[in-house]
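See below for the structure under consideration.
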Protein chains: 2
Amino acid sequence: MAYLERELGTQFGGRNSPGAGAGVADPKAYASFASFGGKTSKYDGHSVIYFEGDAARRLYELSSGTVMLFKLLPDGRRQVVEVLRPGDIFGFSAADEYDCTAETLISSEIHELDLRLVDGSAELQRKLTKCLTNQMKVLHEHAVLLGRKSAVERVASFLMYLVPGRGGTECVGPADETNDGFDIELHMTRQEIADYLGLTIETVSRVVSDLKRRGIIRVDRADRIHLHKVCSLCQMTGFH
Amino acid sequence: MAYLERELGTQFGGRNSPGAGAGVADPKAYASFASFGGKTSKYDGHSVIYFEGDAARRLYELSSGTVMLFKLLPDGRRQVVEVLRPGDIFGFSAADEYDCTAETLISSEIHELDLRLVDGSAELQRKLTKCLTNQMKVLHEHAVLLGRKSAVERVASFLMYLVPGRGGTECVGPADETNDGFDIELHMTRQEIADYLGLTIETVSRVVSDLKRRGIIRVDRADRIHLHKVCSLCQMTGFH
DNA sequence: TTAGTCCTATGATCTATATCAAGAAATTCG
DNA sequence: CGAATTTCTTGATATAGATCATAGGACTAA
């Protein structure tokens with residue numbers, strides 16, 4: 001299933017540089033979603049695309065921006081289950097209702113396609129399998145994070161996800177030993193990060209402050225962070 | 001995507017009765033895996049089918065028994081990321097290596113298929129999409145459990161998963177008000193349950209003892225539990 | 001500019017669950 | 001069968017992270 005690796009929306013841990021819009025704007029994409037019809041819409045930040053429980057009628061592909069999928073418990077506890085990047089597909093449903101709420105984190109362009117079109121195209125099926133398989137892998141890693149990692153390891157892993165080609169088990173190490181810094185944009189509030197990492201907002205804030213105090217990161221704006229030394233952050237993810 | 005609901009390996013929370021071997025032994029199955037070739041093998045309990053990092057060459061369908069997928073951190077922490085039931089497919093890989101280790105929990109029959117066959121068949125593609133979508137939904141619910149539920153809620157949710165057609169958000173309530181009991185077989189040791197629920201073995205043991213003391217369950221054997229009143233257990237899952 | 005709102009940070013305290021430490025049941029094996 | 005091994009249970013204690021409380025910053029609108 002090596003073909004699954006090519007121009008796939010890489011979400012986290014992938015090799016494409018962020019914002020490259022993998023496979024979307026690219027006309028020679030393996031199976032561009034837009035070529036199957038449907039329409040593209042623009043959403044503001046923090047707009048709900050659909051609610052958990054809504055009738056599942058459409059499939060969506062994120063063209064640009066960031067989207068999160070989350071679930072709520074009746075008492076208000078929230079778990080963000082996926083954070084999606086350009087090229088990712090969402091809106092799959094095993095039943096006839098969406099199992100999560102989908103909401104943009106920042107202003108985003110999203111292409112939508114009627115679900116009935118999916119049955120017809122083998123090409124589209126293949127693209128779906130590819131995307132689902134990749135998301136599955138990300139969910140597996142996230143289960144390890146939620147079930148077995150400490151607060152520091154969770155935050156370190158989260159930050160490392162945003163560094164293309166680094167972190168995870170297959171980290172290649174710094175390209176340039178003398179300059180292993182990197183700038184990342186979180187696109188998420190502390191509350192959203194907390195709900196993604198299974199922590200409280202206070203714990204996320206404290207861990208970030210601690211990393212700052214220890215000289216691992218510099219916080220330029222709440223959601224704009226410079227990693228001074230990617231490798232030392234990577235050592236804190238639990239993967240090493 | 002309503003078609004996804006039909007005779008699918010339901011893992012947890014589905015409607016089929018357990019052991020019905022949904023879609024496997026059934027010759028008129030939507031797209032039976034065996035009809036695409038490959039072979040069926042018998043595995044003892046606690047046998048490894050493949051290791052995380054092995055080259056991904058085959059796709060597997062569980063015909064009978066139970067299989068778990070897990071990941072290890074270098075220091076030995078383990079997270080069981082999926083528990084599979086008959087009809088479920090595993091061995092998908094987004095890269096060219098398996099991202100989890102697959103191990104039987106009890107003696108099991110497993111059908112294997114060369115990955116190269118997958119590209120060819122649209123029918124098989126559809127079956128895969130269906131199965132992946134369902135597993136994705138289960139992973140989403142599990143992320144909520146791992147990220148946001150208390151120890152009691154986790155164990156209660158785990159036990160409820162093993163009661164077909166009950167638990168979850170869409171619980172139908174007892175068929176017979178006067179007799180809401182049910183017998184379940186865990187097929188897992190306390191350690192495996194702990195690693196699935198993101199807890200320690202001691203915490204799992206204590207919660208089970210507590211449910212026993214409170215008259216919610218009766219423990220016939222360590223892995224054979226009678227639920228006296230399914231509804232009251234369901235009230236403890238966090239879903240209500 | 002000033003008030004209003006929302007988000008973030010940080011201190012003090014609490015508590016659920018982990019960890020450490022034995023025993024008690026099961027299960028396996030000679 | 002009885003010994004050995006593994007799994008499970010239970011108690012005592014420690015601690016990571018939650019909760020509670022408050023203040024500081026940053027952005028928005030008038």
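Proteins come first, then strands; the chains are lettered A, B, ... in the order of their sequence lines, and each starts at number 1.
In this structure, A/R148 and A/R206 both approach DNA chain C, and ranking their closest nucleotides by distance from the 5' end singles out A/R206. If you find the closest nucleotide of DNA chain D to B/E202 and to A/V204, the one lying nearer the 5' end belongs to B/E202.
In this structure, A/D220 atom CG and C/dT8 atom C1' are separated by 16 Å, rounded to whole Å. Straight-line distance from the CG atom of A/L146 to the P atom of C/dT17: 15 Å, rounded to whole Å. C/dT10 atom P lies 13 Å from atom CD1 of A/I201, rounded to whole Å. When rounded to the nearest whole Å, the span between CG of B/L197 and C1' of C/dA18 equals 15 Å. One can place CZ of B/R77 at 13 Å from P of D/dA16, the figure rounded to the nearest angstrom. The interatomic distance linking A/L199 (CG) with C/dA16 (C1') rounds to 15 Å, in whole Å. Nucleotide C/dT27 holds its P atom 7 Å from the CZ atom of B/R221, rounded to whole Å. Put simply, CG on B/D210 is 11 Å from P on D/dG11, counting in whole angstrom units.
Remark: B/S209 is in phosphate contact with D/dT10, judged by side-chain N or O atoms under 4.0 Å from OP1 or OP2. For B/T200, a side-chain nitrogen or oxygen approaches OP1 or OP2 of C/dA18 to under 4.0 Å.
Heavy atoms of A/S205 sit under 4.0 angstrom from at least one base atom.
No donor-acceptor distance shorter than 3.5 angstrom exists from the side chain of A/T66 to the backbone of A/I106, with no hydrogens or angles considered. The main-chain N or O of A/G91 is found under 3.5 Å from a side-chain atom of A/Y50 such that the two form a donor-acceptor pair. No donor-acceptor distance shorter than 3.5 angstrom exists from the side chain of A/T237 to the backbone of A/A156, with no hydrogens or angles considered.
Residues meeting the side-chain contact (heavy atoms from CB on, under 4.5 Å) test with A/Q191, sequence neighbours left out: A/R78, A/T189, A/A194, A/D195, A/I201.
Closest to the B/T203 side chain, of the nucleotides C/dT8, D/dA18, C/dA18, is C/dA18.
For the residue pair A/H140 and B/Q79, no side-chain donor N or O sits within less than 3.5 Å of a side-chain acceptor on the partner.
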